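Sequence lines set the chain letters: A, B, ... in the order given, protein chains first and strands last, and positions in each chain run from 1. Treat the numbers as computed from the prediction; the structure is a model and nothing was measured.
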Amino acid sequence: MYAIGFPGYNQPMDISHILDPLNKAQRAAVAAPSGPSLVLAGAGSGKTRVLTHRIAYLVRGHGISPHMILGTTFTNKAAREMHGRIETLLQAPFHGMWLGTFHGLCHRILRLHPEAAGLPENFEIVDSDDQLRLIRRVLKNLDLDEKDWPPRQMQWMINQHKDASRRSARLPSGHGGIWEKMLHRVYADYEEVCQKSGLVDFAEILLRTLELFQNNQAIRETYQQRFQHILVDEFQDTNTVQYQWLQVLSARHRNLFVVGDDDQSIYGWRGAKVENILSFEKDFPGANVLRLEQNYRSTGTILTAANAVIAHNSGRLGKNLWTKGSEGSPIRLYDAHTEDDEARFVVEQLRSWIRQGHRRDEAAVLYRSNAQSRVFEQELVRQDIPYRVYGGLRFYERAEIKNALAYLRLLSNRDSNHSFERVVNLPARGIGDKTMGIILEHARLKQVSMWQAGAELIAERGISPRALAALSGFQNLIMQMAEDTAGLGLGELTGHVLKQSGLFAHHKNERGELARGRVENLQELVSAAENFVREENETQDDLSAFLDSAALQAGEGQSEEWEDCVQLMSLHSAKGLEFPLVFICGMEEGRFPNQKSLEEGSLEEERRLCYVGMTRAMQQLVMSRARRRWQYGQSHVNPASRFLAEIPGEYVERIRSPGWDGAESGEVLFRGGTPPQTAGFDGIRLGHQVRHRKFGAGTVVGMEGQGIHARVQVHFADAGMKWLICSYANLEPI
DNA sequence: GTGGCCTCTCTTTTT
DNA sequence: GAGAGGCCAC
């Protein structure tokens, strides 16, 4: 039994249930003395466990008030889970600790001190979609062609600067060509637009808070004083601003406890710096450095294979994961012809796994890019196996949801220009580019919001009668809505706004499969509003709090309850999760490692991603590659991923696909616009003369397969011998 | 002002 | 192949 005496009013408490279940290394971390600590925690070594137990230990063992603890996690979901685990451990409700994402916590601080941070009280969070829109506007105002100045690159550039805490005003000027000068101009103009309209993007939330701390001694000291203990999860994925923020915040008590794994750093492309781990010891001299190397998740085989792959990276801090567990079965490697073949194999394996009595949600299919989910979905539907796809279109990023939120935002803040722009003509009410141009110009000249500009234009009859009627109709609608919904609860309010705005009717009248989903999403938004629970100590009204929360958790928001489904997700989203059975698909050069990553020199990050994927598996790991795969409407033949070759052969059981493979490396097959039908195949016989859009006339000399994958071999007079997907769009009998 | 066609692009993703 | 944005005709 461990009992710790400490000064003060609290009684020493029995904390054996907090320390006893831990191994030696974990216990050393949890009970680490005060001061800076760096815990290097390998995959499956009980990282989250250490964090939750450390918090419980501080509270129970040292009588630290939860109010004095701050913890950061990578996602909102992780924060919720951690909170739940702490409550279980303490066997009591747990309140007062600041636990959330960097963005969530910084946002909270900005809401408490908007003025000191140089923001209007009703500042608004813009997501990356809105940010892109704003950048487009800036480019247009600067008369820059989007072809020469791709908005996405501009966005990337701006966020890159902000993540590294570089303001446009502080960028080095002088040297650098016209291109660089213009980049700085775009950044500066963008900053100005945001500042003027009270808009704050994600990177800004962090940078603003850091600057608030740097520039305001009183506020800085309040928080430095308050947070006696700061704990950080996924430290390898913090960016420069986040690390600086942590350094400032922990300066007084120096109790910064960070947990991370340099081998699992997979967010370098969005500003994360693994180097933060390396510099921790330098920045915090005398830091307590601990290693967790015992893995409790995977079989010996999986672990050895993953270790072998990651060993190909240089510049690691180095650690060696080991397990007391069994060797387990070898890693299965399937060599598929095509992505359909790959999907069939995976789903077949899933079926037999389920037949053995396993739960479906114990299995996950992982891939490098979300687009790859399609084939698996098709096959799962065909075989009638329930599944769930993570990622892709996020709930709060869907257009219909953002439209609804824009109406809600206008109720709470008429002067929200970007909400005004978004829905002033949705559903269509006759306010087009022309009228919008007049409103924008008026707003610019008079330095007022677009709503205000509209009102003034109506009053002075500054627009055509038709536009005037439409615009005042819109303004009356919003004011009427505000009146009708006064005093209603969030859920009712949302439902009312959806009806009265005409959004419900608008989407109901749309035809097609997609439209039905939109109506469902809107209904889901109503229930999300109904179930919305605000955080403690919020200063805002319900509606504003709801809108902020929507912006800050674009990811989830949909009902969490999914019964027993096979899990499909990207390798990135799999971080932090574990499954008894894991498939990693699309193990091909160009796909994984991804071509763009290779060009950008981030092969090592791809390898870490592979390591993350492999270490998700507890009992069985299956990897697959397809020799031929459709990419952007063309069929490509790709060599196997180099990562497969990095796994020692003795841990691998190769499974070869039966059947035909006529492709040669590098060969490209063309397919036309319409999906190929058997009809096209039926129409063509051996010896037929055919014409191809690109290759001209030729003779059919071979045939293979049927249905979608029917192929013919054609000898073209000009282009020589080709294997082609048989589609009448490309290939016609002559 | 609206709707339909054409062209272009196409990682990863949470906030 | 698929979606998004731009351009042009009603």
With sugar-phosphate meaning primed atoms plus P, OP1 and OP2, does [X] contact a base, only sugar-phosphate, or nothing at under 4.0 Å between heavy atoms?
{"X": "D201(A)", "answer": "nothing"}
{"X": "T435(A)", "answer": "sugar-phosphate"}
{"X": "E204(A)", "answer": "nothing"}

Quiz item: Is the shortest distance from a Lys or Arg side-chain nitrogen in R167(A) or E204(A) to a carboxylate oxygen in the other one below 4.0 Å?
Solution: yes
Quiz prompt | Salt bridge flag under 4.0 Å for residues E339(A) and R374(A) | solution = no
Distance in angstrom units between [X] [atom1] and [N] [atom2], rounded:
{"X": "H636(A)", "N": "dG1(C)", "atom1": "NE2", "atom2": "C1'", "value": "12 Å"}
{"X": "Q155(A)", "N": "dT9(B)", "atom1": "CD", "atom2": "P", "value": "17 Å"}
{"X": "L99(A)", "N": "dT15(B)", "atom1": "CG", "atom2": "C1'", "value": "16 Å"}
{"X": "D548(A)", "N": "dT15(B)", "atom1": "CG", "atom2": "P", "value": "15 Å"}
{"X": "N594(A)", "N": "dC10(B)", "atom1": "CG", "atom2": "C1'", "value": "11 Å"}
{"X": "H103(A)", "N": "dT15(B)", "atom1": "NE2", "atom2": "P", "value": "9 Å"}
{"X": "W156(A)", "N": "dT11(B)", "atom1": "CH2", "atom2": "C1'", "value": "13 Å"}
{"X": "Q631(A)", "N": "dT11(B)", "atom1": "CD", "atom2": "P", "value": "11 Å"}

What's the closest nucleotide to the side chain of [X] if the choices are [options]?
{"X": "T75(A)", "options": "dT15(B), dT12(B), dT11(B)", "result": "dT15(B)"}
{"X": "R136(A)", "options": "dT15(B), dT2(B), dG5(C)", "result": "dG5(C)"}
{"X": "E600(A)", "options": "dT2(B), dT11(B), dG1(B)", "result": "dT11(B)"}

Quiz item: For the base of dT11(B), is there a side-chain donor-acceptor partner from R368(A) under 3.5 Å away?
Solution: no
Self-check item: Check: S573(A) side chain, dT12(B) base, donor-acceptor under 3.5 Å
Solution: no
Self-check item: Pairing partner (Watson-Crick or G-U wobble, both distances under 3.5 angstrom) of dT11(B)
Solution: none
Practice problem: Name the residue closer to the 5' end of DNA chain B, choosing between Y267(A) and M436(A) according to the nucleotide with the nearest heavy atom. | Solution: M436(A)
Quiz item: Taking for each residue the nucleotide of DNA chain B with the nearest heavy atom, is it N425(A) or A371(A) whose nucleotide lies nearer the 5' end?
Solution: N425(A)
Quiz item: How are the rings of F376(A) and Y367(A) set to each other: parallel, tilted or perpendicular (split at 30° and 60°)?
Solution: parallel
Practice problem: Would you indicate whether the side-chain heavy atoms of R627(A) and N638(A) approach each other to under 4.5 Å? | Solution: no
Practice problem: Show the numbers, then the answer: is there a salt bridge (charged side-chain N to carboxylate O under 4.0 Å, His left out) between R608(A) and D262(A)? | Solution: CA-CA 9 Å; R608(A) 292 195 290 267; D262(A) 54 321; over 6 Å; no
Quiz item: Syn or anti for dT9(B), with syn set at within 90° of 0?
Solution: anti
